[in-house]
Amino acid sequence: MLRGLPAIMYKEFIHVRRDPATLFLTLFIPVFQLILFGYAINMDVKNIPTVVYDLDRGRQSRDMVMALRNTDYFRIVGEVHSDRALNDAIVAGRAKVGFKIPVDFSDRLLSGEQATVLVLIDGSDSTIAMNALNVANALGLRTSLQRIGATPSVEVRPKMLFNPDLKSHHFIIPGLIGIIMQNIAVLLTAFAIVRERERGTMEQLLVTPIQRLGLMLGKMVPYGILGFVETCLVLVIMRFIFGVPFAGSLALLLALSFLFLLPSLGIGLFISTVAENQAQAYQMAFFVILPSILLSGFIFPREAMPPVMYYLGFLMPVTYFLDILRGVILRGAGLTHLWPDALALMAFGVVILILSAARFQKRLA
Amino acid sequence: MSGPPTSPLPSVEGRPAPAPTGTPTIILQGLTKRFGTLTAVDDVSFTVEPGTIFGFLGPNGSGKSTVIRMLCGLIAPTGGTASVGGFDVVRDPERIRERIGYMSQRFSLYEDLSVLENLSFYGRVYGLRGSRLEVRRDAVVNLVHIGDRLPQRAGTLSGGWKQRLALACALIHEPRILFLDEPTAGIDPVARRELWDLLFQLAGEGRTLFVTTHYMDEAERCSEVGYIYHSRLIVSGAPRELKRLPGVTPAGTQRFEVRCLAPDGASLPTRGLMVVRRMAGVRDATIFGDAVHLLAEEGVTAATLRAAVEGNGIARAEVRPMAPSLEDVFVALTHAEEAKRRGARAGGGA
């Protein structure tokens with residue numbers, strides 16, 4: 001079954017050692033990506049650039065502007081003096097939000113009538129728009145309650161169980177680790193067989209009595225080890241550079257990472273058996289990687305997706321690994337909670353390996 | 001095209017020749033490979049006896065590599081059968097792979113691995129380990145004299161050394177059968193000679209060698225040759241026997257070598273060629289080295305040739321009858337094949 005496995009492993013390790021540039025890139029590109037994206041992807045929307053068009057200029061309107069500023073969500077970048085200028089500021093992108101306080105704002109408040117504030121929101125960035133809308137609404141409600149001197153009869157007191165500060169870092173970075181690991185594993189092995197085909201070394205290999213599974217596993221093991229080293233590296237960065245607390249068991253996470261590397265390396269191998277050259281392999285790898293970023297729940301919650309997309313997510317190994325990463329790191333989940341994910345990864349690994357071995361024929365044409 | 005194998009050795013037109021002794025190591029029967037509408041190998045049959053060097057000749061693109069790849073189980077035949085070492089190429093390719101060594105046309109070892117690492121890798125692929133691996137490695141290293149270059153990366157070797165390394169890798173598991181696809185393409189004459197010496201040594205040890213080439217001098221050294229042209233096997237047999245084929249020197253014709261010398265003793269083959277080509281009764285003339293080789297009908301003798309050539313700048317002509325070279329054999333048979341094919345096409349159209 002596995003004839004040739006030790007020979008292939010021996011050879012692949014030499015390839016890796018002989019190519020320090022690739023080794024360096026393999027180990028450090030993900031680190032670099034993690035740091036870069038970790039800082040860039042921040043969904044805590046604060047300091048939304050805001051312009052104010054205050055027609056009233058009374059005490060009440062000044063209080064209102066001060067309240068806006070105090071939320072930290074809005075950063076007043078300027079005042080405008082016409083409807084047109086207000087509109088232009090948003091169209092030009094100088095501001096995402098514009099507040100227009102009408103001329104009778106103070107008068108109406110003082111006479112106990114309902115006063116209106118017009119809030120213009122740039123809807124082109126939905127995350128910012130949603131936040132701005134919520135904060136503006138809350139602000140309006142609070143100001144109203146204060147004015148009538150009432151306290152709300154029902155107070156909701158939410159208690160965040162995990163990630164109490166709702167830092168999106170803590171949510172994003174474990175997910176980012178999953179995505180980066182997947183990319184590395186898929187790309188490393190996607191080139192493994194196609195490279196031999198391109199360099200003409202495959203022909204010589206095929207006339208030997210080497211066995212398919214031996215060849216496949218021999219190609220997977222060295223890159224699996226490389227991927228594992230990588231996992232440790234990015235976990236260290238997560239903990240000590242981004243300060244994401246680690247709630248669960250590190251040993252469990254590392255063990256489950258191995259389970260995740262299996263199907264990811266397997267997908268790469270499968271691509272390698274289909275692609276005719278490295279350029280094709282690269283294209284195909286991205287055909288797999290891109291949807292997995294969107295459908296795995298890495299950024300967008302899967303629960304909000306249309307059913308088709310939701311179920312498609314189950315076809316991506318990284319979906320299960322994100323569950324595991326967030327579960328272990330943020331919620332301290334154990335195997336008792338995560339075994340279905342682990343089982344799914346294992347099944348994926350076995351199936352994809354069998355598919356690759358079946359797909360790889362010891363023939364040239 | 002599939003009549004009973006009745007024709008005596010050497011066989012012509014792809015009919016299988018009956019084996020003179022024992023069981024042939026390699027047997028092809030009506031082997032055919034089509035890629036879509038293109039027929040790369042068309043109904044090829046021949047046998048290779050154990051312990052011989054079989055030279056497989058033909059122009060580029062004639063189907064040589066396709067045959068060798070089918071025999072190694074690298075591509076599946078579309079029709080016909082073939083066996084190597086007693087195993088069928090379709091049913092038992094793995095059994096064949098354990099028993100053969102293969103050297104492909106293109107260098108196909110790992111350029112970033114050293115000579116020693118390549119040898120170790122292939123040894124391990126064939127299941128050699130520990131002291132057994134060392135013994136075999138030393139044996140092939142000594143055989144091809146590559147001992148001084150063990151730490152060198154394979155990619156930095158010159159063409160001749162690459163071929164030696166490839167041969168060493170192909171021999172690491174002591175195969176009884178070796179397939180060599182143009183082993184001497186692109187290497188210098190000295191390396192070529194040395195490689196052939198090695199091949200003779202291997203055949204002397206009782207191994208069967210299947211070698212493709214398009215060098216005629218290499219073909220002359222083989223125990224048997226097969227010539228493939230436009231996907232079809234034109235002829236196969238021992239070189240000596242092929243030269244006696246009736247189609248090569250038809251009844252009533254004779255081959256001459258004419259050396260045309262200027263007054264200062266310089267050879268003028270081109271001028272001689274132009275003269276003899278205009279002579280009645282000369283069928284085929286070509287320059288070979290500094291002489292003209294020609295095929296002449298009965299009326300033409302050494303004396304008439306000398307008389308025709310001497311004069312107009314040629315002081316003296318040396319004429320002697322000669323046996324056909326292997327190249328003459330293939331040229332004659334190729335012409336005959338083309339004429340037959342044209343005839344068949346014309347006949348089919350009428």
Side-chain angles (χ1 to χ4, degrees), chain A residues 1-24 26 191-219 221-223 273 276-278 357-365, chain B residues 33-36 40 65-66 68-78 84 89-90 92-114 116-118 120-129 133 153-155 166 169-170 172-173 175 178-179 181:
Chain A
M1 276 285 276
L2 297 176
R3 189 162 180 179
L5 171 65
I8 294 285
M9 276 174 58
Y10 158 86
K11 171 184 88 74
E12 294 294 322
F13 273 121
I14 299 177
H15 284 322
V16 172
R17 217 176 53 214
R18 285 290 145 77
D19 193 359
T22 303
L23 185 63
F24 179 83
T26 308
F191 294 141
I193 286 177
V194 84
R195 194 163 41 213
E196 299 231 16
R197 206 166 284 151
E198 257 185 13
R199 293 188 184 164
T201 52
M202 188 51 96
E203 189 171 337
Q204 191 70 47
L205 211 51
L206 291 183
V207 293
T208 69
I210 197 166
Q211 273 164 333
R212 288 183 282 180
L213 213 52
L215 177 61
M216 296 285 152
L217 284 176
K219 294 257 172 196
V221 171
Y223 297 111
T273 62
E276 277 161 25
N277 51 52
Q278 295 196 44
R359 165 73 221 168
F360 177 75
Q361 293 296 323
K362 283 185 73 179
R363 295 209 186 275
L364 286 174
Chain B
K33 178 67 188 179
R34 278 185 284 273
F35 296 106
S65 290
T66 309
I68 223 170
R69 285 173 171 179
M70 281 193 280
L71 294 178
C72 296
L74 282 175
I75 54 180
T78 318
V84 174
V89 294
V90 177
D92 263 333
E94 288 301 314
R95 305 283 276 281
I96 293 176
R97 287 182 185 123
E98 288 168 10
R99 288 164 174 78
I100 61 166
Y102 172 70
M103 220 172 116
S104 75
Q105 205 168 16
R106 194 177 142 190
F107 182 68
S108 55
L109 300 175
Y110 299 96
E111 303 213 332
D112 56 333
L113 264 59
S114 71
L116 187 69
E117 286 161 345
N118 268 298
S120 301
F121 170 65
Y122 275 99
R124 281 165 208 244
V125 164
Y126 286 102
L128 302 175
R129 257 183 312 240
L133 176 62
R153 301 266 169 99
C169 284
I172 192 117
H173 57 299
L178 266 176
F179 288 94
D181 197 358

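Each chain gets a letter, A, B and so on, in the order the sequences are listed, and its residues count up from 1.
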Hey, is the main chain of A/Ile210 close enough, under 3.5 Å, to the side chain of B/Arg97 for a donor-acceptor pair?
no

The criterion is side chain to side chain donor-acceptor pair (under 3.5 Å); which residues satisfy it with B/Glu111, sequence neighbours excluded?
none

So what's closer than 4.5 Å to chain A heavy atoms on B/Tyr122: side chain, backbone, both or neither?
side chain

Carboxylate-amine/guanidinium contact A/Arg3 B/Glu94, below 4.0 Å
no

If every non-hydrogen atom of B/Tyr126 is compared with every non-hydrogen atom of A/Pro209, which pair is closest and at what distance?
CE2-CD, 3.1 Å

Sub-4.5 Å side-chain heavy-atom contact between B/Tyr110 and A/Arg199:
no

What distance do B/Ile75 atom CD1 and A/Leu206 atom CG have between them, rounded to the nearest 0.5 Å?
12.0 Å

Nearest 0.5 angstrom please: B/Ser104 OG to A/Met202 CE, how far?
13.0 Å

Residues which pass side chain to side chain donor-acceptor pair (under 3.5 Å) with B/Asp92, listed by chain and number, not counting sequence neighbours
none

Min side-chain heavy-atom separation B/Arg69-A/Glu203 under 4.5 Å:
yes

Considering only heavy atoms, which portion of A/Leu205 lies under 4.5 Å from any heavy atom of chain B: side chain, backbone, both, or neither?
both

Taking every non-hydrogen pair under 4.5 Å, which of B/Met103, B/Glu98, B/Glu117, B/Arg95 racks up the most with chain A?
B/Glu117

All heavy atoms of B/Ser120 vs all of A/Tyr10, minimum pair found to be CB-OH, 3.5 Å

For a quick test of reading the model, state the closest non-hydrogen atom pair linking B/Ser108 to A/Gln204 and the distance between them.
OG-OE1, 3.1 Å

Where does B/Arg99 contact chain A at under 4.5 Å (heavy atoms): side chain, backbone, both or neither?
neither

Student check: side-chain heavy atoms of A/His15 and B/Leu113 closer than 4.5 Å
yes

For B/Leu109 versus A/Thr201, what's the shortest heavy-atom pair and its separation?
O-CG2, 3.3 Å

Under 4.5 Å heavy-atom distance to chain B, tell me which part of A/Arg17 shows up: side chain, backbone, both or neither.
side chain

